[in-house]
Structure formats: structure tokens, C-alpha cells
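Please read the structure below before turning to the comments.
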Protein chains: 2
Amino acid sequence: MAHSTVYDVAHRAGVSIATVSRVVNTPDKVNPETRQRVLDAIDALRYIPKAEAAARARKSAGRIGVLAPFFTYPSFIQRLRGVAHALAELPYELTVYNVDNSARHDGYVASVSITRRLDGLILMALPFTQETIQRIVANSLETVSIECAHPAFSSIEIDDAAGGRLVAEYLVNKGHTRLAFIGDSKIPAYAFPTSQRRLNGYQTAIQRAGLSLPDEYISLAEQSMENAARSINQLLDLTTPPTAIFCASDTQALGALKAARQRGVRVPQDIAIIGFDDLDIAAYVGLTTVRQHLEKSGELAVEMLLARLEDRARPIQNVRLNLELVERETA
Amino acid sequence: MAHSTVYDVAHRAGVSIATVSRVVNTPDKVNPETRQRVLDAIDALRYIPKAEAAARARKSAGRIGVLAPFFTYPSFIQRLRGVAHALAELPYELTVYNVDNSARHDGYVASVSITRRLDGLILMALPFTQETIQRIVANSLETVSIECAHPAFSSIEIDDAAGGRLVAEYLVNKGHTRLAFIGDSKIPAYAFPTSQRRLNGYQTAIQRAGLSLPDEYISLAEQSMENAARSINQLLDLTTPPTAIFCASDTQALGALKAARQRGVRVPQDIAIIGFDDLDIAAYVGLTTVRQHLEKSGELAVEMLLARLEDRARPIQNVRLNLELVERETA
DNA sequence: GAATTTTCAGAAAGCGCTTACATGAAAGCA
DNA sequence: TGCTTTCATGTAAGCGCTTTCTGAAAATTC
């Protein structure tokens with residue numbers, strides 16, 4: 001028996017083909033009873049929709065992809081949550097491409113955009129080569145980047161330097177004069193040098209306040225709680241240790257916080273600690289940090305993507321999300 | 001510029017779409033001059049017949065889908081990580097279907113299994129109706145379920161009751177006699193009643209030890225840190241408060257822990273707290289908990305899926321992952 | 001130089017599916 | 001009770017492409 005089509009199913013279920021299509025695509029838009037009848041017919045006829053025909057009629061693949069180092073940096077999960085929520089009611093699937101080891105990164109974007117048919121791509125915190133961009137452009141794949149701007153497509157960013165300044169000003173205001181910094185040294189090939197930019201802003205504001213940020217107060221290491229713990233211990237071992245530490249990420253701040261407490265140092269009395277990101281866990285732990293609207297960034301990315309998908313003539317947008325310092329218990 | 005179609009080519013070459021089609025499919029049925037014109041246009045426009053492209057892509061199109069309430073219960077993110085890692089080097093894409101609000105759940109699983117061209121599906125913690133299962137089976141969509149077993153397909157589970165027993169035995173061993181429980185009351189339609197099973201095991205072991213678990217020591221509420229905080233406060237307000245509390249999830253344990261500390265109660269001296277899951281954050285916070293190998297479960301699911309994909313004759317497997325009590329600082 | 005066959009290309013009818021748009025019934029509201 | 005919403009369904013207009021049908025021009029006959 002040849003493969004059955006919508007028509008066969010519709011006929012058997014005593015409905016129109018439109019209803020069959022709806023049952024398959026937007027089940028909650030059809031009456032449960034009818035739906036059941038149709039589903040029964042589908043089963044009875046072993047109906048399998050022809051994906052190709054569907055894609056054609058729909059004029060889109062109905063899929064958007066997200067590329068990010070999800071499991072290396074927890075903040076991307078929060079961004080992903082925003083993406084998922086924004087997409088929830090929409091007829092788009094969400095395909096995730098995880099980039100954890102830089103080895104994969106290189107050819108990834110290229111293959112993704114070519115082989116797989118996506119309607120849109122969200123790129124997070126990934127630096128791209130010229131050819132990658134050409135690839136994307138050549139495939140006319142609509143793209144929005146988060147945390148890694150490029151003139152070729154829409155982007156959502158934050159002002160890292162401003163974030164650094166925010167922290168410095170806050171700390172100086174609180175009367176601190178010996179400010180330190182814990183940040184990333186080796187930036188993996190698949191991530192962006194945000195740490196450096198935060199440091200720059202931090203330094204600028206410190207100097208503007210008439211203070212200075214000596215080299216021994218800057219501790220860079222590969223991002224991890226363990227390294228941050230090591231860093232803070234070194235800082236506290238100095239003859240004149242700092243009284244406040246700005247960590248380039250919440251992950252590092254968390255590592256530092258734990259190490260400080262283990263050492264018996266009181267936070268914030270003896271040492272103030274400020275993070276960056278405002279991960280979910282920050283609120284739990286009571287970490288004072290710079291909030292960068294992670295979830296919102298994901299939602300926004302989807303909105304911008306869809307807007308352009310609807311109307312390709314729409315100009316490319318570069319949004320800069322604001323930052324705010326969330327005062328909690330560690331500084 | 002969006003991808004060009006037969007129409008674009010036809011227009012550019014000054015012929016009808018039929019001719020374009022003939023050039024592509026049966027070139028010798030068209031006049032060489034015309035053919036050349038059309039071919040030139042095809043090149044110029046980078047025309048690729050859509051269906052063909054799709055078909056080609058589909059031939060090697062490996063996609064596997066994961067369906068879970070990712071953002072409601074953080075443990076699924078950890079499971080997802082396992083899935084992503086296992087898939088990392090393999091030619092499969094990972095599409096995530098998030099099910100957070102129960103409203104969608106109804107026809108969702110069914111439609112996913114039909115509409116989307118997936119090679120395999122991983123179902124996490126989702127209870128399914130008989131019809132859903134039939135549909136999946138009818139579509140011969142290879143499926144592995146985690147935390148929600150069904151004879152129709154492979155599954156990965158844990159023994160929740162055994163986990164509960166483990167905790168009770170541990171606590172009793174430590175000399176506790178007044179044991180309490182904080183668990184889930186309203187289980188959303190899209191989740192599984194694991195809390196109840198953990199409680200059962202807990203209770204059994206308590207009784208077996210000659211103790212009892214009075215009703216007022218059982219506090220059920222919708223899963224959230226806030227509710228867990230409320231629960232623990234109620235428990236501590238009792239005339240004879242418990243000395244140990246088992247929480248059905250780390251999330252709840254975290255909420256309880258924080259509330260206890262805020263109240264000035266020392267953990268574990270005054271009250272012992274044990275969670276369940278062993279989320280990443282548990283290690284950070286020093287939470288004693290029952291580890292259920294979240295990441296491993298994801299990896300395993302992929303392995304089992306691929307094994308069956310390679311050889312459909314392979315029998316269905318039902319794996320039960322072991323649990324272990326991780327002793328840290330809260331009990 | 002007509003009458004014929006042959007070539008070639010366009011018009012148009014689908015292929016199986018999606019999706020406005022329209023309609024009628026049921027439900028809510030005054 | 002009459003009127004507006006909402007919901008469920010059907011009608012019909014495509015999507016990009018293939019293929020049959022058709023006729024005009026070109027090539028071939030005599």
C-alpha cells in the first residue's frame with residue numbers, strides 16, 4: 001500500500017485536510033474529540049507526513065539554532081532559557097549546538113549553516129573568523145549574536161567596561177581603597193575576552209577616583225572556581241591585602257567566596273566580593289554582583305531574529321542591554 | 001538575498017519554469033542554446049533545487065530530540081549535559097523540546113513524534129498516556145525514557161524508594177530518632193511522582209528501624225525553595241521539632257538550608273538536612289545528598305538509543321542506575 | 001510549395017502540505 | 001433576549017517543483 005496522505009487521513013476521520021494538518025502541527029488548536037478521531041485515523045493508516053512537502057508549504061524549516069559553550073559557562077543556560085521561553089508558543093524548534101572544546105568550533109558554524117537547514121541562528125559569545133561570517137552571509141542565514149558583535153548581523157551586547165566601572169564606583173563609594181581583580185587569563189578560542197574589558201573599565205574608574213590598581217592586585221587564571229580560590233588566597237596572603245575584590249564572573253566570585261570563608265575571613269567585613277552575571281545561584285548565595293539580564297538577552301535575540309525573518313528589509317539592530325549592580329550580602 | 005527558486009531562474013533566463021525544470025532533470029530534451037542560457041542563470045543565482053537539497057540533507061540527517069521540563073527542574077539541565085557530551089563527536093544534532101507549562105503537554109509528545117523528523121527521542125520525567133506510546137511505537141521512533149519507565153521502550157531509572165531508605169538508614173545510624181520529610185504536593189501534569197516514592201522508602205526504613213514518621217513531620221508543598229523554607233520553619237516550630245530532614249530534591253534542601261541558617265539554627269548540629277539529586281550546586285554548598293548520576297543518565301540514554309538505532313533487533317533495555325549517599329556538611 | 005512530421009517551450013494541472021480567511025456554533029455578557 | 005466574543009472547522013490559495021498537454025515554429029517530406 002502506498003503511503004497515505006493528509007487526504008486519506010482526512011477522509012477516514014471525516015474532517016478536512018486542514019484539520020489533519022492542525023492535529024499534527026498545533027494539536028491544542030483542535031477539539032480533543034476531533035483530535036482523537038484524527039489521531040486514530042493517522043495510526044490506522046500509518047500516516048507519516050512528508051517533511052519535504054511540509055517544509056515547502058511552510059516556506060521555512062521551522063528551526064532555529066543556538067550555538068554556545070553551554071556547559072562550560074553556566075550563564076548560557078540561563079540565556080538559553082530565555083530563548084526557549086520566547087520560542088515556546090511559536091512554531092519553531094530549538095536545536096542546540098554545544099561548543100565546549102575549541103576543536104569543534106572551527107568548522108562548526110560552516111557545517112551547521114550549510115548542511116542543516118535553519119531559519120535562524122543565535123550565536124553566543126563566539127568569536128568568528130571572516131570566513132565563518134561569509135558562510136553565514138552567503139547562506140543568507142539570519143543571525144543574531146549575543147556577547148560578540150559583528151557589523152554583519154544583529155547583536156545584543158553589554159558594555160563590559162561600564163560594568164567594571166560600576167563596580168569600582170560602588171566599592172570606592174563604600175570607602176574601599178584597596179581594590180583587586182580576579183579574571184580570566186587564557187581565553188579559550190571559543191569564548192570572548194569579556195574579562196579584559198571588564199578589567200579595563202574597573203581600572204579606569206579606580207584611577208578616576210584617584211586610586212590605583214597595582215599589578216599584584218590583578219590575578220588572572222583560567223576560569224574556574226578552583227583557580228579563583230587560589231587567586232583569592234594569593235591576594236589575601238599579600239602584606240597589604242586588598243579589602244575588596246571584583247571577580248569577572250559569578251563562577252569566580254563563588255570560588256573566591258568559598259575560599260575566603262574557609263580561610264575564616266569574613267565577607268564582606270574583611271573582604272568584599274563582587275561578581276558579574278547574576279546567575280541564579282548568586283541570589284541564593286547572597287552574592288553582590290552585576291546583573292546582565294541573561295534570560296532577557298535570549299528572549300530578545302529571538303524577537304530580533306523573528307522580526308528580521310518576517311521582514312528581511314528590516315535594518316540590522318545592535319542592542320546594548322543595561323547592567324545593574326545588585327547589592328546583596330557580599331559587598 | 002533569499003534562496004532562489006525556479007521562478008527566479010526562469011525569469012533571468014527568459015524562459016518558463018517548466019524549461020528550467022527540464023534543464024535540471026532531462027537536459028537533452030531542451031535546445032542546447034536555451035539550455036546554456038538556463039544553466040548560466042542557475043550559476044549566477046546559485047540556484048539549488050530545494051527538494052533535492054533537503055533530500056540530500058536528510059539522507060545523513062541525524063537528529064535526536066530530548067523532551068523534558070528543563071527549566072522547571074534544574075536536574076534536567078545536568079542530564080542534558082550528559083546527552084550533549086555523548087553526542088558531541090557524533091553526527092547527530094540535538095533538538096530540545098521544553099515542556100514547562102502543562103498546558104502544552106497534552107498533544108505535544110504525540111505531535112513531536114509524528115511531525116518532526118527525528119531518529120531518536122529521549123523522554124525525561126514525562127508521564128505518557130497509552131495513546132502517546134502507541135503513536136511513538138507506530139512511528140517506530142526509537143525512544144529511551146529517563147525517570148519514567150514503560151515496557152514499550154528502553155528506560156533508565158533509579159530506585160526512588162531505595163533512595164529514601166538509604167537516607168533513613170544513614171540518619172538513623174547517626175543517631176537521629178526524629179526524622180522529617182519535605183516533599184512535593186502538587187505534581188504537575190508533566191512530571192513524575194518521584195517524591196512520593198522517595199517518601200515511601202524513607203518511611204519503610206524508618207519503621208523498620210523501630211521508629212516512626214508522624215504526619216506532622218511530613219510537609220508537602222509545590223516544589224520551590226520558598227515553599228521548602230516555609231516547610232522547614234513549620235517543622236522547627238513544632239513543640240518537639242525533628243532533628244533531621246530529608247528533602248525530596250536538592251532544590252528543596254537548598255531552600256530549607258537557607259531558611260534554617262537565617263533562623264539561626266545550626267546545620268547539621270541542630271538539624272541535619274539531606275537532599276536528593278546531587279546538583280552541581282550541592283557540592284558547592286556542601287549539601288549532603290543522594291547522588292543520582294544525572295549526567296551519566298544522559299550519556300547512557302544516548303548510548304542506548306544509538307545502539308538500537310544501529311541494530312533494531314537489539315532488545316529493549318531497562319537500566320536501573322545506582323544511587324549513593326554523598327556525605328558532605330549538612331548531615 | 002503545400003503537407004507532414006519533429007522539436008521545443010509554455011500553460012497548467014497536480015504533488016502533499018500549510019495557513020490565512022471565513023463561517024457557524026457555542027459561550028459569555030448585558 | 002439580543003449582541004459580542006471565542007472556538008472549531010472548513011474553504012481555498014498558495015509553496016517550489018515535475019510533468020502532461022498543447023501548439024507554434026522548424027525541419028522534413030513529396
Side-chain angles (χ1 to χ4, degrees), chain A residues 1-42 45-63 89-93 117 119 140 306 309-312, chain B residues 1-42 45-58 103 106-107 111-112 114-117 139:
Chain A
M1 138 190 86
H3 261 180
S4 31
T5 73
V6 257
Y7 295 93
D8 305 323
V9 176
H11 182 251
R12 186 179 233 266
V15 299
S16 75
I17 57 164
T19 301
V20 176
S21 176
R22 272 188 287 257
V23 167
V24 171
N25 297 293
T26 47
D28 28 65
K29 281 191 182 161
V30 34
N31 182 300
E33 284 169 33
T34 318
R35 187 202 305 159
Q36 192 51 53
R37 271 213 325 284
V38 173
L39 286 174
D40 288 346
I42 286 180
L45 297 174
R46 293 258 166 67
Y47 166 70
I48 296 176
K50 285 231 174 6
E52 181 206 316
R56 173 175 7 110
R58 201 170 357 218
K59 297 190 293 190
S60 88
R63 321 205 294 120
E89 299 300 322
L90 303 171
Y92 285 94
E93 275 185 0
R117 191 93 195 110
D119 296 317
S140 67
L306 296 184
L309 244 28
E310 248 170 47
D311 174 13
R312 302 297 274 232
Chain B
M1 147 193 75
H3 262 171
S4 31
T5 72
V6 257
Y7 295 92
D8 304 322
V9 176
H11 183 252
R12 185 178 232 266
V15 300
S16 75
I17 58 162
T19 302
V20 176
S21 177
R22 272 188 287 260
V23 168
V24 173
N25 298 292
T26 49
D28 32 78
K29 284 194 177 157
V30 40
N31 182 300
E33 282 171 34
T34 319
R35 188 199 306 158
Q36 194 51 52
R37 270 212 326 283
V38 173
L39 285 176
D40 288 347
I42 285 181
L45 294 175
R46 292 236 189 79
Y47 167 71
I48 298 173
K50 276 224 170 99
E52 193 183 317
R56 186 167 313 151
R58 200 163 307 119
D106 221 10
S111 85
V112 161
I114 298 178
T115 331
R116 320 302 179 186
R117 284 196 57 95
N139 278 282

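Worth saying up front: this structure is predicted, and the values here are computed from it rather than measured. Numbers restart at 1 for each chain; the letters A, B, ... are given by sequence-line order, proteins then strands.
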Handout entry: Contact under 4.0 Å: N25(A) side-chain N or O vs dT18(C) OP1/OP2
Key = yes

Handout entry: Nearest-Å distance for atom pair CD/P, residues Q36(A) and dT9(D)
Key = 13 Å

Problem - Pairwise distance CZ(R22(A)) to OG(S16(A)) - rounded to 0.5 angstrom - result: 6.0 Å

Practice task
Find which nucleotide of DNA chain D each of P32(A) and I17(B) is nearest to by heavy atoms, and output the residue with the more 5' nucleotide.
Solution key: P32(A)

Practice task
Could you tell me whether the side chain of Y7(A) has a donor or acceptor atom within less than 3.5 Å of a complementary atom in the base of dC17(C)?
Solution key: yes

Problem - Short side-chain N/O contact to dG16(D) OP1/OP2 from T5(B), under 4.0 Å - result: no

Exercise for the section: Would you check if the side chain of T26(A) reaches a backbone N or O of D28(A) as a donor-acceptor pair within less than 3.5 Å? Expected result: no

Exercise for the section: Among dT18(C), dT18(D), dG10(D), find the nucleotide with the atom closest to the side chain of A54(A). Expected result: dT18(C)

Handout entry: Whole angstrom value for the distance that separates C1' of dC8(C) from NZ of K29(B)
Key = 12 Å

Exercise for the section: Please state whether the phosphate of dT18(D), meaning OP1 or OP2, lies under 4.0 angstrom from any side-chain nitrogen or oxygen of S21(B). Expected result: yes

Practice task
Would you indicate what V20(A) reaches in the nucleic acid, counting non-hydrogen atoms under 4.0 angstrom: base, sugar-phosphate, or nothing?
Solution key: nothing

Practice task
Return the value, rounded to whole Å, for the distance between atom CG of N31(A) and atom C1' of dG24(C).
Solution key: 15 Å

Handout entry: Criterion side chain to side chain contact (heavy atoms under 4.5 Å, CB included) on V24(A) and I42(A), from CA distance to verdict
Key = CA-CA 10 Å; V24(A) 171; I42(A) 286 180; 4.0 Å; yes

Problem - Side-chain donor/acceptor of R63(A) to backbone N/O of Y92(A), under 3.5 Å - result: no

Handout entry: Separation of atom CG in D8(B) from atom C1' in dC15(D), rounded to whole Å
Key = 13 Å

Practice task
Return the 5'-most residue of the pair R22(A), A53(A) with respect to DNA chain D, ranking by each residue's nearest nucleotide.
Solution key: R22(A)

Handout entry: Under 4.0 angstrom between Y47(A) side-chain N/O and dC17(C) OP1 or OP2
Key = yes

Handout entry: Closest listed nucleotide, where the reference is the side chain of V6(B) and the choices are dC17(D), dC17(C), dG10(C)
Key = dC17(D)

Fill in the blank from the handout: Between the CZ atom in R12(A) and the CG atom in D40(A), the distance rounded to the nearest 0.5 Å is 9.0 Å

Practice task
Answer yes or no: does a side-chain N or O of S16(A) lie under 4.0 Å from OP1 or OP2 of dT11(D)?
Solution key: no

Problem - A57(A) side chain, from C-beta outward: closest of dA11(C), dG10(D), dG16(C) - result: dG16(C)

